[in-house]
Amino acid sequence: MSRGDALRRLAAHEARWLTGLWWWVARRRIGVGAGERALPYAAGQAAMVYGLTFVCVVETVGLHVMLAGAPVARWVLLAVDVYTVLMMLGFQASAVTRPHVLGAQGLLLRDGARREIRIPLQRIASVGHDLRFSEKREEGVLHMAVGGQTSVTVELAEPVVAVRLLGRREVVRTVRFHADDARGAVAAVRAAVTAAAGSGPRVGEAAIRG
């Protein structure tokens, strides 16, 4: 990937989390259509994000007072610190306003403003509640952890392509992600897969796990 492509992707990412702040204040969600079900995941990281944001705010105030005799450094650091606080809040806002989405045709999994992957329901072989903490990188496995953990594992009958923030593409056969209500998410995905397949007993037997 060229440097220009990388910069464009980073700029798009920044625009998404800034937009997320606005939608967060407006208490609205992005990309959840009529008849689709949102599967939230932001609660798993909320305590960590708010804790780090509080530390950043305290540091900002402290440095601003300490650098009273150096006005240039004081205001430069203030700008940097304010941007950092906004970025932390934007990280949470993006997760809140961009939940996973389950529709009649597919499962859209999102990692805040950073990336998303759409999985057609026909490609889902099984889905189960599967609580795991951060693991080593595995070939063909996509981890979309929140707070260092995943709680749902989706096995695919056919692979899909996932694109990372800077454009790297990888073929994925297993996706592990987090949902605040993991068991509810699993039940909803199983029901959607069954409905899409039009053969409840066969798909149900293949999908029951955990």
Side-chain angles (χ1 to χ4, degrees), residues 1-32 38-101 108-118 132-137 141-151 162-170 172 175-180:
M1 172 180 291
S2 69
R3 181 177 298 180
D5 288 338
L7 289 176
R8 280 192 291 273
R9 285 183 171 276
L10 288 173
H13 169 255
E14 184 135 341
R16 287 193 296 271
W17 70 253
L18 285 170
T19 302
L21 284 170
W22 170 257
W23 283 69
W24 193 28
V25 172
R27 296 181 178 277
R28 298 178 63 186
R29 293 177 299 197
I30 300 170
V32 182
L39 305 175
Y41 56 89
Q45 67 186 26
M48 177 189 69
V49 173
Y50 294 141
L52 289 174
T53 302
F54 176 75
V55 171
C56 288
V57 170
V58 171
E59 179 191 36
T60 298
V61 174
L63 286 175
H64 197 65
V65 172
M66 290 173 60
L67 294 175
V72 175
R74 185 188 197 194
W75 289 106
V76 168
L77 284 176
L78 178 62
V80 171
D81 286 342
V82 168
Y83 175 82
T84 301
V85 170
L86 284 175
M87 188 166 57
M88 294 296 300
L89 292 175
F91 178 72
Q92 179 66 7
S94 296
V96 172
T97 59
R98 296 174 182 271
H100 305 312
V101 182
L108 175 64
L109 300 177
R110 301 196 274 196
D111 185 8
R114 288 173 293 186
R115 61 180 172 178
E116 60 183 39
I117 178 172
R118 187 177 295 276
R132 295 171 181 250
F133 292 89
S134 296
E135 300 179 353
K136 294 181 180 179
R137 188 176 182 82
V141 179
L142 177 63
H143 295 268
M144 302 181 74
V146 174
Q149 71 176 22
T150 58
S151 54
V163 182
R164 293 188 177 273
L165 176 60
L166 294 181
R168 179 184 174 186
R169 301 168 69 85
E170 57 184 320
V172 174
V175 181
R176 297 190 176 116
F177 68 95
H178 177 69
D180 293 340

For [X] versus [Y], what's the shortest heavy-atom pair and its separation?
X      : Y      : result
Cys56  : Thr84  : SG-CG2, 4.1 Å
Ala38  : Arg29  : CB-NH1, 3.2 Å
Ala42  : Gln92  : O-NE2, 3.4 Å
Ala162 : Leu142 : CB-CD2, 4.0 Å

Spell out, as yes or no, whether a donor-acceptor pair under 3.5 Å connects the side chain of [X] to the backbone of [Y].
X      : Y      : result
His100 : Phe177 : no
Ser151 : Ala179 : yes
Tyr41  : Gly112 : yes

How about [X] and [Y]: do any of their side-chain heavy atoms sit closer than 4.5 Å?
X      : Y      : answer
Met144 : Ile117 : yes
Val96  : Arg27  : no
Val141 : Val172 : no
His178 : Gln149 : yes
Pro40  : Asp180 : yes
Arg98  : Trp23  : no
Val57  : Val85  : yes

To the nearest 0.5 Å, how far apart are [atom1] in [X] and [atom2] in [Y]?
X     : Y     : atom1 : atom2 : result
Met87 : Ser94 : CE    : OG    : 11.5 Å
Thr97 : Leu21 : OG1   : CG    : 8.5 Å
Leu63 : Leu77 : CG    : CG    : 6.0 Å
Leu89 : Trp24 : CG    : CH2   : 5.5 Å

Neighbour count above 12 (heavy atom, 6.0 Å) for Met48 CE
yes
With a cut-off of 6.0 Å (strictly less than), are more than 12 heavy atoms of other residues, nucleotides or ligands near CZ of Arg16?
yes
What do the steps show when you test Arg132 against Arg176 for side-chain contact (heavy atoms from CB on, under 4.5 Å), and what is the final call?
CA-CA 9 Å; Arg132 295 171 181 250; Arg176 297 190 176 116; 3.4 Å; yes
Under the side-chain hydrogen bond (donor to acceptor under 3.5 Å, both in side chains) test, which residues partner Asp81, sequence neighbours left out?
none
Among all residues two or more places apart in sequence or in another chain, which pass the side-chain hydrogen bond (donor to acceptor under 3.5 Å, both in side chains) test with Glu14?
Tyr83
Residues two or more places apart in sequence or in another chain: which of them pass ring pair (Phe, Tyr, Trp, His ring centres under 6.0 Å) with Trp75?
His64
Tell me, with the steps shown, if Arg114 and Phe91 meet side-chain contact (heavy atoms from CB on, under 4.5 Å).
CA-CA 9 Å; Arg114 288 173 293 186; Phe91 178 72; 3.5 Å; yes
Once side-chain hydrogen bond (donor to acceptor under 3.5 Å, both in side chains) is applied, what residue pairs with a partner in residues 48-61 remain, sequence neighbours excluded?
none
Under the salt bridge (Lys or Arg N to Asp or Glu O under 4.0 Å) rule, collect the residues that match up with Arg164, sequence neighbours excluded.
Glu170
List in chain and number order the residues that pass side chain to side chain contact (heavy atoms under 4.5 Å, CB included) with Glu116, two or more places apart in sequence or in another chain; answer none if no residue qualifies.
Leu108, Arg110
